[in-house]
Trainee: 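Supplied in structure tokens, the structure appears directly below.
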Amino acid sequence: MAVTTTPLTETGHPQDPVSIYEKHRTDLQRAKLGQNILFLLLFFGMLIFSIVTSQFYPERLAQAASRVFEYFGTIMPNLQWDLLFEGRDEQGRAVEGSLTFWYTDLDKYLSLIWETILMAITATLLGTAGALALCFAGSRNLMKNSWIYFFARRFMEICRGVPEILIALIFVFAFGIGPLAGILAVAIHTAGALGKLFAEVNENVSRRPIDGIRGVGGNWFEQMRYGVLPQVLPNFVSYGLLRFEINVRASSIIGFVGAGGIGQELNRVISFYSDDRVLAVLVLVVITVTLIDLLSERLRLYFIGKEQL
Amino acid sequence: MLELKGVSKHFTSTKAVDDVSVTIDDGQMVGIIGRSGAGKSTLLRMINRLADPTAGEIRFGGQDVATIKGRQLLNWRSECAMIFQQFNLVGRLDVITNVLTGRIYHHGFASSMLKLYSPAERAFAVHALDRLTMAHTAMQRADTLSGGQQQRVAIARALVQEPKILLADEPIASLDPLNAKVVMDALRTINREDKITVVCNLHTLDTARKYCDRVIGMAAGKVVFDGPASDLTLEAARAIYGADLGDFTEEMTSTDLDALGRPPAAAIGTAVDGQQLAS
């Protein structure tokens, strides 16, 4: 096919495609420039406003930094190299400066860490079930009834909008001190947060399998079960495990308001002693969270690689 | 007997299907031909009610299925099987489960959610697959199959529905000529042996001629031809495919292997049809 070429001498003509394009391009760039300057001004205005409001000044930072180190000084254990692995003496007393002395309450910590992990597992399972129940109704492409869609979306927003610690506080009041309140609080937050992520996964599914199931006379639930779920399940598992990691962290904090887990002990040692016991608990929490992260990453990779779910 | 009376589908600016009235007797094999955008797919999707007609009646067995809702609608869809151009299987499920989904209308909530099918249903599904020589793939994931194989699984799914009528929306448009023949042969066998009415959208004239008792031609949402395949003259084909094509020959729409062996048509048109190149 012949391509019509415009002689170069004609490019100055207002009607030729090149000058039309060039004019369009400069117009667009000019319009964008104004917009960019506006955004930049707005950004710096906000930045200055927030610095002033939060009093984020260098001298305050310097002061605080020294105090942070001061605090770490108070929670540092007094370990001595030569005594590090000393056991208990005949009277069952640990030697000061040994690891045994620092971790006198290790059994208590470990059982609370175990409780924390169990809380996270239960909360994740309950929350995922809630998210599964809500996510299909909260997907624009799957739920044609806009009322049900609206309420599913808003309900998930409320679930994840209220901080876990606040829900836990209310449940501690209702159910009493202990892990039950913590589990429910984390589960509710999980249902809201995972439900939104699940719904977003759902909104990217292929329409074809759903049409196939509609075509054989499947109702809405069957369309979701056969047409959507097999497509999204690997993503759901991946997000569920990610949420489990987050929930281990959440469960270790939630004890601050009496909702069970290691947080309860952390709160106790901070407010009563503020000595090396704080660091002892913190180190255990960090180790636990890291181990769970590694484990769930392995699990995620395993599920992604799996042929059929 | 399937009876369409004044069926229309209007979008805001276009009329996809415009006042179509057709009667299809039980046991017929009908081909609907026409250019892309002629309204063939929309018409078929309205019969199965995957799309809702704007106006008109669709009567089957004395019932107007154009307006039914809820459980009645699901019942109609289960009796009126559909084959799609893109197969519309669930790729991540195995073949046998895909076929068994043809039974879900007959299941309660719990058993369909938990994928609990009876041994009799499983046997039925395997038999259906076996008729299409696909039984050996039963435990494989559907997306590991080739296009032709997937379409045969889709036909097996339709068969276990025990449908009264089978709609096929361009079943061979995504397939190579050999697989197209296998799929069309399967549809004709089902029509002859099981006495199931088959309504099939087709791109090509020669496929329609070869397989269908009756051909309906559509252009711009209207029926422009309706009669036995033998009545389909070049003039009629021109009306269906549009006179603006200039010199028009039947081979231009062909994807048939045999068409390659034919001597070149007397007049080679100026218009180039993509399908000719594809074959």
Side-chain angles (χ1 to χ4, degrees), chain A residues 1-2 128-137 139 141-146 148 198 201-240 300 302-309, chain B residues 44-45 47-51 70-94 97-115 139-144 150 153-154 157-163 166-167 169:
Chain A
M1 194 190 276
T128 309
L132 262 178
L134 288 166
C135 70
F136 298 109
S139 304
N141 56 332
L142 303 177
M143 178 45 73
K144 294 285 166 267
N145 183 326
S146 51
I148 298 176
F198 284 5
V201 174
N202 288 341
E203 283 173 355
N204 287 320
V205 295
S206 160
R207 197 69 233 159
R208 289 193 184 124
I210 307 172
D211 260 359
I213 300 301
R214 271 178 84 204
V216 298
N219 60 30
W220 186 80
F221 293 99
E222 285 157 344
Q223 287 167 35
M224 299 304 116
R225 173 70 185 84
Y226 291 91
V228 182
L229 194 64
Q231 292 188 60
V232 296
L233 202 55
N235 277 321
F236 281 15
V237 171
S238 175
Y239 276 135
R300 252 200 343 258
Y302 167 77
F303 275 116
I304 290 169
K306 231 171 124 83
E307 263 287 277
Q308 183 149 17
L309 278 171
Chain B
L44 232 56
R45 288 175 74 88
I47 296 174
N48 176 273
R49 285 292 305 283
L50 286 175
R71 187 78 188 157
Q72 271 186 312
L73 175 59
L74 299 185
N75 179 47
W76 166 238
R77 284 186 185 146
S78 80
E79 289 179 351
C80 171
M82 184 94 166
I83 310 281
F84 300 86
Q85 180 180 347
Q86 294 294 335
F87 332 125
N88 292 14
L89 298 177
V90 186
R92 295 187 62 87
L93 290 179
D94 53 22
T97 311
N98 267 293
V99 177
L100 284 166
T101 58
R103 299 299 306 166
I104 50 179
Y105 171 76
H106 305 281
H107 277 258
F109 182 77
S111 68
S112 88
M113 288 299 118
L114 297 171
K115 297 202 274 191
M139 298 308 291
Q140 234 169 297
R141 243 171 69 166
D143 56 9
T144 62
Q150 288 196 36
V153 172
R157 173 172 72 183
L159 278 179
V160 301
Q161 285 178 246
E162 298 177 285
L166 181 65
L167 309 176
D169 186 12

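Owing to the predicted nature of the structure, the values given are computational and were not obtained by experimental measurement. These numbers come from the heavy atoms of this one structure, side chains and all, not from hydrogens, waters or symmetry mates.
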Trainee: Which bit of A/Gln231 is near chain B, if near means a heavy-atom gap under 4.5 Å: side chain, backbone, both or neither?
Mentor: backbone

Trainee: Could you tell me which of B/Arg157, B/Arg103, B/Met82 has the largest number of non-hydrogen atom pairs under 4.5 Å with chain A?
Mentor: B/Arg157

Trainee: Can you check whether B/Lys115 reaches A/Tyr226 side chain to side chain, under 4.5 Å on heavy atoms?
Mentor: yes

Trainee: Considering non-hydrogen atoms only, spot the tightest contact between A/Gly215 and B/Gln161 and give its length.
Mentor: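 What the structure gives for the nearest pair is O-NE2, 4.0 Å.
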
Trainee: Give, as side chain, backbone, both or neither, the part of B/Phe87 having an atom under 4.5 angstrom from any heavy atom of chain A.
Mentor: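 Neither part; nothing is under 4.5 Å.
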
Trainee: Please give me the minimum heavy-atom distance between B/Leu50 and A/Asp211, naming the atom from each residue.
Mentor: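 It is CD2-O, 4.3 Å.
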
Trainee: Would you say A/Tyr239 has more than 12 foreign heavy atoms packed within less than 6.0 Å of its OH?
Mentor: no

Trainee: If I compare all heavy atoms of A/Val216 with all of B/Thr101, which pair ends up nearest, and what's the gap?
Mentor: CG2-O, 3.4 Å

Trainee: Could you tell me which non-hydrogen atom of A/Glu222 sits nearest to which non-hydrogen atom of B/Ser112, and how far apart they are?
Mentor: OE2-OG, 3.0 Å

Trainee: Quick check: closest heavy atoms across A/Gly218 and B/Ile104, and the distance to 0.1 Å?
Mentor: CA-CD1, 3.8 Å

Trainee: Between atom CG of B/Asn98 and atom CD1 of A/Ile213, what is the distance when rounded to the nearest 0.5 Å?
Mentor: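 Here the rounded value is 7.0 Å.
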
Trainee: Using non-hydrogen atoms only, which part of B/Arg49 is less than 4.5 Å away from chain A: side chain, backbone, both, or neither?
Mentor: backbone

Trainee: Let me know if B/Arg45 has heavy atoms under 4.5 Å from chain A in its side chain, its backbone, both or neither.
Mentor: side chain

Trainee: At what distance, to the nearest 0.5 angstrom, does NE2 of B/His107 lie from CG of A/Asn219?
Mentor: 12.5 Å

Trainee: Once rounded to the nearest 0.5 Å, what's the spacing between atom CZ of A/Arg208 and atom CG of B/Leu89?
Mentor: 11.5 Å

